[in-house]
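As a basis for the values below, the full set of heavy atoms in this structure was taken, side chains included, without hydrogen atoms, waters or symmetry mates. Given the structure is predicted, the values throughout are model-derived calculations rather than measurements.
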Amino acid sequence: MNKDKETRRIHYAMAVMGGFFCGFAILMHHNLMSNAQTSNMMSLVIGILGRNPWQVLLHAGSLVIYILGLSLTVLLPRYTKWNLPICSVVLDGLALVAIALMPEGTDDFVAMYPTFFAMAFQWNTFTGADGYVSSTIFSTNNLRQFTTSMVGYLCDRERHHLHKASFFGGTLLFFHVGVAVAFFSTQLLGTKGGFCGFIPLLPPMILIRQECRKCR
């Protein structure tokens, strides 16, 4: 039970980071969604069909970076003894520095390349908790699971629906706490508000280190 609670805390803490990165990208880069690749791949196809080499290059670069981030979460456990959660936190920290120091006037998609990599790695590292599959970097499936679980509970009053709704509702809540942190950070500091992301990054760092010590 204690192990489940620790995993859930880490999941929620990383959801705050996912919300921060997503909110930062939307606020600072003209409403571009940094944590998913659906729109990027659509834009890639449109660029190819429209014979726009620059658009193709930008979106293909984003896709390659995202695939690389996902691939490393498979390769590192196979060929190294590196701890994936610690690696993810470190990568998030490096991405925060990169987006905060990105030169003014950088193309919006290029400016988000560090985020693409860090979020892909985070997504495949923190895949859920309490037996539920849940993303910490975007909300669509979390909203679906929360809604259907709540409706299920209202219909039959079975407690497992309420437990599931509580988990996914918590993920949604903490993700949007991260969005709120990004909003106030960018309002106060603009691009340099990326450094404020180290504030919500601190709790998962502490929780993951504590978990690693217990495992030893």
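At least one donor-acceptor pair closer than 3.5 Å links the side chain of Asn142 to the backbone N or O of Ser135. A donor-acceptor pair under 3.5 Å is formed between the side chain of Ser43 and the backbone N or O of Ser39. Looking at Asn124, its side chain never comes within 3.5 Å of a backbone N or O of Ala120 through a donor-acceptor pair. In this structure a side-chain-to-backbone donor-acceptor pair under 3.5 Å is missing from Thr80 to Pro77.
Annotation: the span from Leu94 atom CG to Phe117 atom CZ amounts to 9.5 Å, rounded to 0.5 Å. Here Phe20 contributes atom CZ and Leu201 contributes atom CG; the two are 10.0 Å apart, rounded to the nearest 0.5 Å. To the nearest 0.5 Å, atoms CD1 (Ile65) and CG (Leu70) are separated by 12.5 Å. Rounding to the nearest 0.5 angstrom, the gap separating the SG atom in Cys22 from the CD1 atom in Ile137 is 8.5 Å. Distance check: Leu44 CG to Leu49 CG gives 9.5 Å after rounding to the nearest 0.5 Å. Once rounded to the nearest 0.5 Å, the distance linking CZ of Arg9 with CG of Asp4 reads 11.0 Å.
Gln122 and Thr136 form a side-chain donor-acceptor contact under 3.5 Å, judged by distance and modelled atom types alone. Inspection of the Ser62 and Gln37 side chains reveals an N or O donor paired with an N or O acceptor under 3.5 Å.
The 12-atom threshold is not exceeded at CZ of Phe184, counting heavy atoms of other residues, nucleotides or ligands nearer than 6.0 Å.
Counting heavy atoms from C-beta on, the side chains of His161 and Leu154 never come closer than 4.5 Å. The closest side-chain heavy-atom distance from Tyr12 to Leu173 is not below 4.5 Å. Using a 4.5 Å cut-off on side-chain heavy atoms (C-beta onward), Val110 and Leu58 make contact. In this structure, the side chains of Trp123 and Thr73 stay at 4.5 Å or more apart for every pair of heavy atoms. At least one side-chain heavy atom of Asn40 sits under 4.5 Å from a side-chain heavy atom of Phe109. Taking 4.5 Å as the limit, some side-chain heavy atom of Thr38 sits within range of a side-chain heavy atom of Met42. For the pair Phe24/Ser185, no side-chain contact is recorded, criterion being any heavy-atom separation below 4.5 Å from C-beta on. Counting heavy atoms from C-beta on, the side chains of Phe126 and Leu84 never come closer than 4.5 Å.
Two different hydrophobic clusters hold Leu188 and Val177 under the rule that ILVMFWY side chains link at heavy-atom gaps under 4.5 Å. Leu75 and Val90 fall into different hydrophobic clusters, where Ile, Leu, Val, Met, Phe, Trp and Tyr side chains are chained together by heavy-atom contacts under 4.5 Å. No chain of hydrophobic side-chain contacts below 4.5 Å, direct or via other Ile, Leu, Val, Met, Phe, Trp or Tyr residues, connects Ile46 to Tyr66. If you chain together hydrophobic residues whose side chains sit under 4.5 Å apart, Leu68 and Phe116 fall into the same group. In terms of hydrophobic clustering, with Ile, Leu, Val, Met, Phe, Trp and Tyr side chains grouped at heavy-atom distances under 4.5 Å, Ile199 and Phe175 are assigned to different clusters.
When every heavy atom of Thr191 is checked against every heavy atom of Met102, the shortest pair comes out as CG2-O, 4.5 Å. The two residues Trp82 and Cys87 make their nearest non-hydrogen contact at CB-SG, 3.8 Å. When all heavy atoms are compared, the tightest approach of Leu91 to Ala118 is O-CB, 3.9 Å. When all heavy atoms of Leu189 and Cys196 are compared, the closest pair comes out as CD1-SG, 3.6 Å. The shortest heavy-atom contact between Val179 and Gly19 is CG2-O, 3.4 Å. Contact record, Cys212 with Ile86: SG-CD1, 3.8 Å, taken as the closest heavy-atom pair.
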Hey, mind stepping through Met17 and Leu96 against side-chain contact (heavy atoms from CB on, under 4.5 Å) and telling me if it holds?
CA-CA 10 Å; Met17 287 309 304; Leu96 288 172; 4.1 Å; yes
Can Asp130 and Thr7 be said to form a side-chain contact (heavy atoms from CB on, under 4.5 Å), step by step? CA-CA 8 Å; Asp130 289 5; Thr7 304; 5.7 Å; no
Test side-chain contact (heavy atoms from CB on, under 4.5 Å) on Phe195 and Leu101 and set out the steps.
CA-CA 9 Å; Phe195 286 121; Leu101 297 179; 3.7 Å; yes
| query | Would Leu207 and Glu6 count as a side-chain contact (heavy atoms from CB on, under 4.5 Å) if you check the C-alpha gap in whole Å, the side-chain angles of each, and the deciding distance to 0.1 Å? | reply | CA-CA 8 Å; Leu207 290 169; Glu6 290 172 3; over 6 Å; no
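When each of His11, His163, Gln145 is paired with Tyr132, the side-chain hydrogen bond (donor to acceptor under 3.5 Å, both in side chains) condition holds for His163 and for no other.
In this structure, Arg144 fails the cation-pi test against Phe146, since its NZ or CZ atom is not both closer than 6.0 Å to the six-membered ring centre and inside 45 degrees of the ring normal.
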